[in-house]
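Working notes for the structure below.
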Amino acid sequence: PPAIRIDNLVKEYAPPGPGEPPKLALKGVSFDVPQGGIFGLLGPNGAGKSTLINILAGLVNKTGGSAEIWGFDIGENPRNAKRSIGIVPQEIVFDPFFTPFEVLENQAGFYGIPRSERRSEELLRAVHLWDKKDAYARTLSGGMKRRLLIAKAMVHSPPILVLDEPTAGVDVELRRQLWELVTELNGQGVTVVLTTHYLEEAEQLCDRIAIINHGELIADKPTRELVGMA
Ligand code: ADP
Ligand code: ADP
């Protein structure tokens with residue numbers, strides 16, 4: 001199966017106030033994310049990107065249509081669907097007094113992964129944080145925190161990693177670091193999906209790009225075809 005299959009996905013949020021119309025954030029979006037690549041979901045603010053990611057993460061209920069992750073329907077088989085992806089949220093949320101090692105061990109605990117099967121060291125090395133394993137999270141730089149979030153999302157070894165605006169508001173140097181890390185993980189076989197509102201980021205990093213605007217899909221193509229059109 002494709003890594004992710006989105007079919008006619010609809011999300012309607014309740015009206016913001018009495019007498020106001022409901023907000024249609026996704027108006028029947030369909031696309032497949034093939035296995036093995038880096039897939040970019042590109043669109044301006046308010047396009048519906050986070051809504052789509054939150055539906056995949058099981059944090060928001062869809063109104064209509066379907067979404068499958070690794071062949072598991074998120075409505076019919078939410079447990080397996082959720083286990084097949086790691087989500088890197090936009091906001092950084094850690095207990096400031098936990099160390100990177102503890103953050104990963106706690107996450108493994110949430111997933112019921114036995115100690116002998118945990119990969120905290122391997123993951124911290126993969127995101128270049130092994131030398132910071134015992135530092136309090138509050139003392140880490142913004143870039144280190146973002147890398148720790150990526151390691152946290154990989155704790156249960158999901159075949160798919162989804163990053164919501166991984167480089168929004170970061171400087172050029174850190175953006176390059178994060179791109180490198182994403183490319184490394186992809187090289188190890190992880191299918192990557194990321195949302196962005198930077199065309200340049202999608203072009204540099206992604207082999208396929210879907211563009212959404214106002215809750216509608218307006219393109220879904222290999223990057224080289226899309227760039228050829230511009
Ligand atoms: P993006 O991530 O592309 O910026 P979002 O998915 O956050 O877009 O938002 C899509 C639309 O849905 C926007 O118009 C936004 O205001 C609306 N929206 C998002 N979350 C909610 C919510 N919880 N309740 C009501 N409307 C929402
Ligand atoms: P619950 O459904 O009871 O929240 P989970 O095992 O799904 O339990 O989640 C446990 C912890 O893992 C929470 O901190 C949650 O935010 C986080 N989490 C859940 N799913 C993912 C995921 N796919 N990627 C990263 N973190 C996740």
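Counting starts at 1 for both ligands and their atoms, following the listed order.
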key: Gly43 touching ligand 1 at heavy-atom level, < 4.0 angstrom   = no
inquiry  = For a 4.5 angstrom cut-off between non-hydrogen side-chain atoms, does Gln90 reach Ser50?
reply    = yes
key: Polar atom proximity, Ala47 to ligand 1 (N or O, under 3.5 Å)   = yes
query = So how far is it from Lys145 NZ to Thr139 OG1, rounded to the nearest 0.5 Å?
reply = 8.0 Å
Shortest protein contact, atom 6 (O) of ligand 1 (heavy atom only) = Thr51 OG1, 2.6 Å
note = the protein heavy atom lying closest to atom 8 (O) of ligand 1 turns out to be Gly48 N, 3.0 Å
message = Using side-chain heavy atoms (C-beta onward) and a distance below 4.5 Å, is Met144 in contact with His128?
response = no
message = I need the nearest protein heavy-atom contact for atom 23 (N) of ligand 1: residue, atom name and distance, please.
response = Tyr13 CE2, 3.6 Å
Any protein heavy atom nearer than 4.0 Å to atom 1 (P) of ligand 1 = yes
key: Flag, side chain of Asn213 to backbone of Pro44, donor-acceptor distance under 3.5 Å   = no
ask   = Against heavy atoms of Lys49, which atoms of ligand 1 measure under 4.0 Å?
value = 1 (P), 2 (O), 3 (O), 4 (O), 6 (O), 8 (O)
message = Quiz question: by atom type and distance under 3.5 Å, do the side chains of Ser157 and Arg119 form a donor-acceptor pair?
response = yes
task = For Pro44, take its heavy atoms, then give the atoms of ligand 1 lying under 4.0 Å from any of them.
result = 3 (O)
ask   = Can you find a side-chain donor-acceptor pair between Ser120 and Glu105 that sits under 3.5 Å?
value = yes
query = Contact between Gly215 and ligand 1, counting heavy atoms under 4.0 Å?
reply = no
ask   = Starting from atom 12 (O) of ligand 1, which protein heavy atom do you reach first, and at what distance in Å?
value = Ala25 CB, 3.4 Å
ask   = Counting only non-hydrogen atoms of the protein, does one fall under 4.0 Å from atom 15 (C) of ligand 1?
value = no
key: Donor-acceptor pair, side chain of Arg138 and main chain of Phe97, under 3.5 angstrom   = no
request  = Nearest heavy atom to atom 11 (C) of ligand 1 wins, so pick from Gly46, Ala14, Ser50.
outcome  = Gly46
task = Using a 4.5 Å cut-off on heavy atoms from C-beta on, say whether the side chain of Leu42 contacts that of Ile212.
result = no
message = Using a strict threshold of under 4.0 Å (side-chain N to carboxylate O), is an ion pair present between Asp220 and Arg208?
response = yes
ask   = With only distance considered, is Asn45 within less than 3.5 Å of ligand 1 through an N or O on each side?
value = no
